[in-house]
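For reference, the structure is listed below as structure tokens.
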Amino acid sequence: MHILHVVGARPNFMKAAPVLRALREFSNVRQTLVHTGQHYDAGMSDVFFRQLDMPEPDLNLSVGSSSQAQQTAEVISRFEPVVLERKPDWVLVYGDVNSTVAAALVCSKLQISVAHVEAGLRSRDRTMPEEINRLVTDRLSDLLFTPSSDADDNLRQEGISPDKIHLVGNVMIDTLVRLLPQAKMPLELAGLDPFVLVTLHRPANVDDLPWLRQMLAALVEVSRDLHVLFPVHPRTSKRLAEAGVLPPENSKLRLLPPLPYLEFLALQSNARAVITDSGGMQEETSYLGVPCLTVRENTERPITLTEGTNMLVGRDIARLRTELQRVLTNPAARPCTIPLWDGHAAERIAKILVVTKS
Ligand code: UD1
């Protein structure tokens with residue numbers, strides 16, 4: 001059996017790594033790894049392949065960055081000949097990035113079976129490009145691997161046949177469970193305690209420059225009481241330069257480059273609290289029991305609100321301040337109890353894939 005994986009952007013890598021690893025156990029499975037090149041910087045891509053112990057991609061489509069439509073179209077036109085030539089039995093797509101939906105579209109038109117890992121998540125906010133990607137990818141997929149039961153409910157409500165849906169758990173947590181013992185604080189940050197970890201990269205937060213300036217001012221204020229570490233995504237870095245804002249030299253707010261997986265995981269697990277708009281970090285902090293304040297009005301991962309440590313603070317600086325104060329003064333760490341977030345989701349996926357085509 002030939003299984004072809006498509007990855008493109010940073011959050012795909014930690015999801016695909018455990019599935020590639022689990023499928024290696026099956027001697028009748030041959031695997032191909034295609035990188036679309038949506039993320040191309042060494043710090044956004046190469047270092048993740050090394051730390052996650054992923055094989056070199058068999059092919060890199062080098063699509064790079066452009067508008068939503070152009071980036072998606074580039075993946076479509078460059079991926080189609082690959083599928084035609086390699087004729088895989090299954091194509092696996094991950095998460096909700098532009099590369100995911102583009103690859104699913106190619107496969108469905110060529111009648112190649114496609115399986116979506118991390119299916120069924122819904123923010124119900126169609127201003128997010130990721131929500132469009134999720135809806136379309138799930139509609140087109142032949143197998144849908146979900147991380148939590150709310151995702152199954154969403155898919156059933158959309159009329160997707162229940163026999164395509166498999167609740168397998170969270171593959172991103174598989175990677176976290178495997179690599180947490182190796183997570184290490186970057187040397188130059190070791191000993192900084194207490195600290196809050198910040199990441200922001202969603203267009204809704206960082207492309208709105210007046211809002212971005214307000215956020216940065218709020219973080220400078222937080223840094224009067226404790227260290228604030230902010231690894232900056234390339235999109236955010238460009239916007240900060242456009243907005244012309246930098247933290248004052250003497251502040252304890254540190255802007256850092258994007259960090260490799262192991263260093264970033266160490267920061268997450270040692271942080272007093274996390275402020276973010278990332279999807280994956282809502283899950284990782286829930287697993288780690290670290291309070292997470294999400295700077296968004298909605299989430300496609302509601303289970304992290306009800307059974308994890310996540311809280312939506314919206315676009316409200318006053319609320320962010322109050323909630324941060326609350327979690328810092330009253331840290332109520334809870335162990336993660338979300339079913340199937342146990343480090344074995346990828347093994348379940350591998351078994352289902354192998355059985356389905358044999
Ligand atoms: C993408 C995903 C988002 C995911 C995020 C994680 C979509 C629609 N969005 O957003 O869901 O949470 O990745 O990082 O697919 N850039 C670089 N170097 C790189 C990659 C990007 O400089 O290696 C710059 C590009 O020039 C571009 C900006 O970052 O201007 C955005 O990149 P893009 O891949 O379009 O979207 P992300 O914001 O990274």
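We count ligands from 1, going down the list as the structure has it; atoms in each ligand are counted the same way.
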Just to be sure I'm reading this right: ignoring hydrogens, which of Ser65, Gly37, Ser278 gets closest to atom 27 (C) of ligand 1? Compare them by their nearest heavy atoms. Ser65
Should the proximity of Ser45 to ligand 1, defined as any heavy atom under 4.0 Å, be assigned to the side chain, the backbone, both, or neither? neither
Nearest non-hydrogen atom to atom 12 (O) of ligand 1 belongs to which of His201, Met44, Met128, Met281? His201
Atom 16 (N) of ligand 1 - nearest protein heavy atom and its distance: Tyr40 OH, 3.5 Å
Decide, yes or no, whether a salt bridge links Arg124 with Glu131 under the criterion of side-chain N to carboxylate O below 4.0 Å. no
Suppose I only count heavy atoms of Gln71 and a 4.0 Å limit; which atoms of ligand 1 are within that range? 34 (O), 35 (O)
Can you establish whether the number of heavy atoms outside Gln111 located under 6.0 Å from its atom CD is more than 12? no
For the pair Glu221 and Arg321, find out whether any cationic side-chain nitrogen is under 4.0 Å from an anionic carboxylate oxygen. yes
So for Glu130 against ligand 1, with non-hydrogen atoms under 4.0 Å, the contacting part is side chain
Can you list every salt bridge (Lys or Arg N to Asp or Glu O under 4.0 Å) pair that touches residues 143-157, not counting sequence neighbours? Asp153-Arg156
One thing to verify: whether Lys15 and Glu118 come together as a salt bridge, which I'm taking to mean a side-chain N less than 4.0 angstrom from a carboxylate O. yes
Mind checking whether His39 contacts ligand 1 via backbone (N, CA, C, O), side chain (CB onward), both or neither, at a 4.0 Å heavy-atom cut-off? both
Strictly under 6.0 Å, is that where the ring centroids of Phe49 and His35 end up? yes
How far is atom 8 (C) of ligand 1 from the closest protein heavy atom, and which atom is that? Asn98 OD1, 3.2 Å
Candidate list Asn98, Thr72, Thr100, test side chain to side chain donor-acceptor pair (under 3.5 Å), partner Asn133, passing option: Asn98
May I ask you to check whether His233 has an N/O atom sitting below 3.5 Å from an N/O atom of ligand 1? yes
Ligand 1 to Pro11, heavy atom cutoff 4.0 Å, flagged ligand atoms 4 (C), 6 (C)
Counting from 1, what ligand 1 atoms have a heavy atom of Lys238 closer than 4.0 Å? 24 (C), 25 (C), 26 (O), 27 (C), 30 (O)
Among protein heavy atoms, which sits nearest to atom 18 (N) of ligand 1, and what does the distance come to when rounded to 0.1 Å? Asp41 OD2, 2.9 Å
Assess whether a salt bridge exists between Asp142 and Lys164, defined as any Lys/Arg side-chain N lying under 4.0 Å from an Asp/Glu carboxylate O. no
Flag yes if Val63 and Val93 sit in one hydrophobic cluster, no otherwise; membership is Ile, Leu, Val, Met, Phe, Trp, Tyr, and two members link when side-chain heavy atoms are under 4.5 Å apart. yes
If the cut-off is 4.0 Å to any non-hydrogen atom of Val97, which atoms of ligand 1 fall inside it? 2 (C), 7 (C), 11 (O), 15 (O)
What residue and atom, counting heavy atoms only, is the protein's closest point to atom 38 (O) of ligand 1, and at what distance? Arg235 NE, 2.8 Å
